[in-house]
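One structure below.
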Amino acid sequence: MYKLVLVRHGESIWNKENRFTGWKDVDLSEKGKLEAVAAGQRLKAEGFEFDKVYTSVLTRAIKTAWSIMSELDACYLPVINSWKLNERHYGGLQGLNKAETAEKHGEDQVLVWRRSYNTPPPELEKTDERYPGNDTRYSELSESEIPLTECLADTVERVVPYYESVIVPEIKAGKRLLVAAHGNSIRALVKYLDDMSEDAIMKVNIPTATPLVYELDENLKPIKHYYLADEEALAEAMNAVANQGKKQ
Ligand SMILES: O=C(O)[C@@H](CO)OP(=O)(O)O
């Protein structure tokens, strides 16, 4: 049996402000920093150890990984960063307040943008300052790889091949891995691992800085998964994420 641990970053400043974030590189909030430390402490208390850490190229996920490594006395672990684990690109919605967007366009439309599988938010123009092609960390990407927006299906298309080609061989080699990523890049993985329908994944909301443990059989099929969290706090945290798209 193999174990794979996924963790969403701690609360970011834009999570706190309830803004669509996507590829915008915002830091952790003070609460998010504490959440990341608590995630590390929980993993330590439950006896988890890792050989390698995978994360995105976004500060909030990287710093969450660092806090966990620090709590585990494992700052020496190799960290592999890839844009393929980035949050879903939120296109023209990036920066907008989610509740205000629901006031303007309706809660149903916001739910479609946030959670439908195939409907992407409005595209960015390449001249927009939010266009990732202006950011040097993406200078190795071809123009066709740089998103102007993404729906979850687009995120699945970059996350799953990365998982299969880079992460799976490491798991099979017996490496104990931590993946510190984002709400929607983790939803992409969860959909794939649990073979969920497009409808079922709509209802999945990933709480911040809460380790999600997958136990996998020898073919890397999930035997079960569970969060390292108390039940009540977990339900509350998931609801809070779901409710971010509601009017105030
Ligand atoms: O804004 C975002 O990038 C994501 C995660 O914070 O939000 P949502 O849960 O609305 O997909």
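Nothing here was measured: the structure is a model prediction, and the numbers come from that model.
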We want to know whether [X] and [Y] form a side-chain donor-acceptor pair, criterion being a heavy-atom distance below 3.5 angstrom.
{"X": "Asn205", "Y": "Arg187", "answer": "no"}
{"X": "Tyr192", "Y": "Glu164", "answer": "yes"}
{"X": "Glu11", "Y": "Thr208", "answer": "no"}
{"X": "Asp154", "Y": "Tyr117", "answer": "no"}
{"X": "Asn134", "Y": "Glu129", "answer": "no"}
{"X": "His225", "Y": "Asp194", "answer": "yes"}

Validation row: [X], [Y] side chains within 4.5 angstrom (heavy atoms):
{"X": "Arg137", "Y": "Asp25", "result": "yes"}
{"X": "Pro121", "Y": "Arg88", "result": "yes"}
{"X": "Tyr227", "Y": "Val213", "result": "no"}
{"X": "Tyr138", "Y": "Glu145", "result": "no"}
{"X": "Leu28", "Y": "Ile13", "result": "no"}
{"X": "Thr55", "Y": "Leu85", "result": "no"}
{"X": "Arg8", "Y": "Pro207", "result": "no"}

Query raised in the report: Rounded to the nearest 0.5 Å, how far does CD of Gln41 lie from NZ of Lys44?
Result: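 Here the rounded value is 9.0 Å.
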Query raised in the report: Between CG of Asp135 and CH2 of Trp83, what distance do you get to the nearest 0.5 Å?
Result: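 Answer for the CG-CH2 pair, Asp135 versus Trp83, is 13.0 Å.
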Query - Candidate pair Asn97 and Glu17, rule side-chain hydrogen bond (donor to acceptor under 3.5 Å, both in side chains), full reasoning - result: CA-CA 7 Å; Asn97 178 281; Glu17 294 174 2; over 6 Å; no
Indicate yes or no: does [X] engage [Y] in a salt bridge with an N to O separation below 4.0 Å.
{"X": "Lys52", "Y": "Glu170", "value": "yes"}
{"X": "Glu46", "Y": "Arg42", "value": "yes"}
{"X": "Lys221", "Y": "Asp195", "value": "no"}
{"X": "Lys63", "Y": "Asp27", "value": "yes"}
{"X": "Glu87", "Y": "Lys24", "value": "no"}

Report task. For Glu49, look at atom CD and say whether over 12 heavy atoms of other residues, nucleotides or ligands are found less than 6.0 Å away. Result ->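 No, the 6.0 Å shell around CD holds no more than 12 heavy atoms from other groups.
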Query raised in the report: Are Val53 and Leu6 connected in the hydrophobic side-chain network, where two residues link if heavy atoms are under 4.5 Å apart?
Result: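 Hydrophobic grouping puts Val53 apart from Leu6.
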Report task. Report the C-alpha separation of Glu215 and Tyr226 in whole Å, then their side-chain angles, then the decisive distance to 0.1 Å, and conclude whether the side-chain hydrogen bond (donor to acceptor under 3.5 Å, both in side chains) test is met. Result -> CA-CA 9 Å; Glu215 294 185 1; Tyr226 48 91; 3.0 Å; yes
Query - Qualifying residue, where the test is side-chain contact (heavy atoms from CB on, under 4.5 Å) with Val179 and the options are Ile186, Val5, Ile167 - result: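 Passing option: Ile167.
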Query raised in the report: Do the ring centers of Trp14 and Phe20 come within less than 6.0 Å of each other?
Result: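 No; Phe20 has its ring centre 6.0 Å or more from that of Trp14.
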Query raised in the report: Mind checking whether Tyr54 and Tyr162 have parallel, tilted or perpendicular rings, split at 30° and 60°?
Result: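 Answer is perpendicular, since the angle exceeds 60°.
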